[in-house]
Amino acid sequence: MKICILPGDGIGPEIVREAVRVLKALDLPMELEEGLIGGCAIDAYRDPFPEATRKLAQEADAILLGAVGGPQWDGNPRELRPERGLLAIRKELELFANLRPAVLYPELANASTLKPEVVSGLDLLIVRELTGDIYFGTPRGIERKGGERVGINTMIYRESEIRRIARVAFEAARKRRKKVCSIDKMNVLETTQLWRDVVSEVGREYPDVELSHMLVDNAAMQLVRNPKQFDVMLTGNMFGDILSDEAAMLTGSIGMLPSASLDEKGKGLYEPCHGSAPDIAGQGVANPLATILSVAMMLRYTFAREAEAQRIEAAVRKVLAQGLRTADIYENGTKKVGTQEMGDAVLAALA
Ligand code: IPM
Ligand code: MG
């Protein structure tokens, strides 16, 4: 198991440290190599995704990433922004399939801003296309036309791109409750008309999976009205970006949610859904559980080690049941702990 570790910026190094301790505690044959991405790479190499990191990432079977970004780089030109590093690694390694589960742990039902009966038992999976759409389409830019500035981006999907992400969603649904809801805006946008047509075609190969379609604005509403109607939500890159933040919040804290970004061969980049939280960086209070759960996804999807993945997930559930909480999920009657204490508790629960 060759694993590339990219802690990144902000709270990234703190949370990745705990996740790496959990990974090492499993005592599996593995080789870890650390690299720079995002703002720290800009500072060191003037490049958010430097050549040395590219090489490490290409040679690894899996990548564990913390988070990128921070206010010190916000004024940089676009090519020298931390997010660029993230977009580049996704695109260059063809990590087109982004899996973002939103699961509500019963112990955290009160952490959600929604009524417990709306979210209790929530277990949905967003399958987001990650290397296409308006994120990468050209032409793009800001130009002068007719005496004023014009901003341009291009929303584009090729049939083959839609087909391969649709298959990921249907395959995932087969292992779950066998429902796929595909999200589009076909009443307005042609690319998403094609999206709906191609997803429907792929759906015919999966007669055992129930396929429905929903317009993205309605999906945003249904997610807060009745989120438990969803099993797998299949989205393009931009709609998935927006809906996955919304889905994360249903669970109370984005600090709990892991993600996987996979290529066609099962190589994957694993990262928490949350950002670099520069406001609390270095204080030892960040929640490491999303990153620890990302390690579980790595073991499941890249290394086919389901037993170890479940061991980690069980350990996380156990520390929650013990009443340990980082600040983001703290409530009266529970015990507030820091990043490292939370890591210690997961390690103890593993053993
Ligand atoms: C995400 C993030 C990224 C995205 C940003 C940081 C480029 O919001 O992973 O959801 O938009 O994809
Ligand atoms: Mg996002």
Side-chain angles (χ1 to χ4, degrees), residues 11 15 18-19 66-67 98-128 172-173 176-177 179 181 183 219-235 239-261 270-277 280 285-297 300 309-310 312-337 339 342 345-346 349:
I11 59 171
I15 53 179
E18 300 312 313
N98 185 211
L99 311 184
R100 297 190 163 182
V103 175
L104 184 88
Y105 292 86
E107 293 84 2
L108 300 183
N110 290 320
S112 177
T113 49
L114 274 79
K115 294 197 191 86
E117 63 267 28
V118 175
V119 290
S120 72
L122 179 79
D123 177 2
L124 68 85
L125 175 68
I126 295 188
V127 175
R128 170 190 176 195
R176 298 171 48 96
R177 300 192 302 278
K179 278 166 52 174
C181 180
I183 309 302
M221 181 175 75
Q222 295 299 333
L223 265 179
V224 285
R225 195 184 76 90
N226 175 21
K228 282 187 268 179
Q229 70 187 282
F230 298 112
D231 178 20
V232 174
M233 290 179 100
L234 167 61
T235 76
F239 296 161
D241 178 45
I242 300 165
L243 294 180
S244 63
D245 267 28
E246 190 187 1
M249 210 45 226
L250 300 175
T251 70
S253 173
I254 198 167
M256 293 298 300
L257 299 181
S259 78
S261 306
Y270 299 85
E271 60 180 322
C273 280
H274 60 72
S276 59
I280 57 164
V285 298
N287 186 348
L289 293 179
T291 318
I292 290 171
L293 290 167
S294 297
V295 170
M297 286 189 93
R300 171 171 297 127
Q310 288 189 19
I312 294 176
E313 289 162 350
V316 168
R317 275 196 297 275
K318 192 165 164 196
V319 299
L320 292 175
Q322 287 164 352
L324 302 189
R325 301 284 187 275
T326 41
D328 56 314
I329 49 175
Y330 174 77
E331 58 182 309
N332 273 337
T334 62
K335 178 165 186 271
K336 198 185 278 185
V337 296
T339 311
M342 189 57 110
V346 174

Trainee: Run the numbers on V224 and E246 for side-chain contact (heavy atoms from CB on, under 4.5 Å), then give the verdict.
Mentor: CA-CA 8 Å; V224 285; E246 190 187 1; 3.5 Å; yes

Trainee: Quick one: side chain to side chain contact (heavy atoms under 4.5 Å, CB included) partners of A277, sequence neighbours excluded?
Mentor: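 If we apply the side chain to side chain contact (heavy atoms under 4.5 Å, CB included) test to A277, skipping adjacent residues, the hits are I11, D279, I280.
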
Trainee: Just wondering, do S259 and L257 contact through their side chains at under 4.5 Å, heavy atoms?
Mentor: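 The answer is no; the side chains never approach within 4.5 Å.
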
Trainee: Do side-chain atoms of S294 reach the backbone of P258 as a donor and acceptor pair under 3.5 angstrom?
Mentor: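 Looks like no, no N/O pair under 3.5 Å.
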
Trainee: Which pairs pass salt bridge (Lys or Arg N to Asp or Glu O under 4.0 Å) with one or both residues in residues 313-327, sequence neighbours excluded?
Mentor: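 Sorted pair list: R300-E313.
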
Trainee: If you round to the nearest 0.5 Å, how far is CG of L122 from CG of L250?
Mentor: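 CG of L122 is found 6.0 Å from CG of L250.
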
Trainee: Let me check something: any side-chain donor-acceptor pairs from residues 98-111 under 3.5 Å, sequence neighbours excluded? List them with distances.
Mentor:
| unit_1 | atom_1 | unit_2 | atom_2 | d |
| --- | --- | --- | --- | --- |
| N98 | OD1 | R100 | NE | 2.8 |
| N98 | ND2 | A260 | O | 3.2 |
| N98 | ND2 | S261 | OG | 3.3 |
| R100 | NH1 | S244 | OG | 2.9 |

Trainee: Look up atom CZ in F239 and atom CZ in R128, then write down how far apart they are to the nearest 0.5 Å.
Mentor: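 F239 atom CZ to R128 atom CZ measures 12.0 Å (nearest 0.5 Å).
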
Trainee: So, taking the atom named CG in N332 and the one named OG1 in T334, what distance separates them when rounded to the nearest 0.5 Å?
Mentor: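 Going from CG on N332 over to OG1 on T334, the span is 7.5 Å.
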
Trainee: Could you report the tightest heavy-atom contact between M342 and L324, atom names first, then the distance?
Mentor: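 Between these two residues, the closest heavy atoms are CE-O, 3.6 Å.
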
Trainee: Specify the closest pair of heavy atoms between A219 and L243, including all atoms of both residues, with the distance to one decimal.
Mentor: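 Nearest pair, atom of A219 first, then L243: CB-CD1, 4.2 Å.
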
Trainee: Could you grab the distance from atom CD1 of I126 to atom SG of C181, nearest 0.5 Å is fine?
Mentor: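 The CD1 atom of I126 sits 10.5 Å away from the SG atom of C181.
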
Trainee: What residues, two or more places apart in sequence or in another chain, satisfy side chain to side chain contact (heavy atoms under 4.5 Å, CB included) together with A67?
Mentor: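 Side chain to side chain contact (heavy atoms under 4.5 Å, CB included) list for A67, sorted by chain: S276.
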
Trainee: Can you tell me which residue pairs pass the side-chain hydrogen bond (donor to acceptor under 3.5 Å, both in side chains) test with a partner in residues 219-233, sequence neighbours excluded?
Mentor: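 Listed once each, the pairs are R176-D231, N218-Q222, Q222-R225, Q222-Q229.
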
Trainee: Would you say R177's side chain and V232's backbone share a donor-acceptor pair under 3.5 angstrom?
Mentor: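 Not a single qualifying donor-acceptor pair exists.
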
Trainee: Would you call L223 and M233 a side-chain contact if the rule is heavy atoms closer than 4.5 Å?
Mentor: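 Yes, at least one pair of side-chain atoms sits under 4.5 Å.
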
Trainee: Please name the pair of heavy atoms, one in I15 and one in P272, separated by the smallest distance, quoted to 0.1 Å.
Mentor: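 The pair with the smallest heavy-atom distance is CD1-CG, 4.2 Å.
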
Trainee: Would you name the heavy atoms of V346 and A315 that are closest together and state the gap between them?
Mentor: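 Residues V346 and A315, closest heavy atoms: O-CB, 3.8 Å.
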
Trainee: Write down the atom of I254, the atom of A248, and the distance for their closest heavy-atom approach.
Mentor: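 Scanning both residues completely, I find the closest heavy atoms to be CG1-CB, 3.7 Å.
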
Trainee: Does some side-chain heavy atom of V319 sit less than 4.5 Å from a side-chain heavy atom of V337?
Mentor: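 No, every pair of side-chain atoms sits at 4.5 Å or beyond.
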
Trainee: Would you give the length of the straight line joining atom CD1 of I292 to atom CD of E18, rounded to the nearest 0.5 angstrom?
Mentor: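 Atom-to-atom, I292:CD1 and E18:CD are 6.5 Å apart.
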
Trainee: How long is the straight-line distance from CE of M256 back to CG of L293, given to the nearest 0.5 Å?
Mentor: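 If I round to the nearest 0.5 Å, the distance is 6.0 Å.
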
Trainee: When you compare the side chain of T326 with that of P288, does any pair of heavy atoms fall below 4.5 Å?
Mentor: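 Yes - at least one pair of side-chain heavy atoms lies under 4.5 Å apart.
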
Trainee: Test side-chain contact (heavy atoms from CB on, under 4.5 Å) on I242 and T235 and set out the steps.
Mentor: CA-CA 10 Å; I242 300 165; T235 76; over 6 Å; no

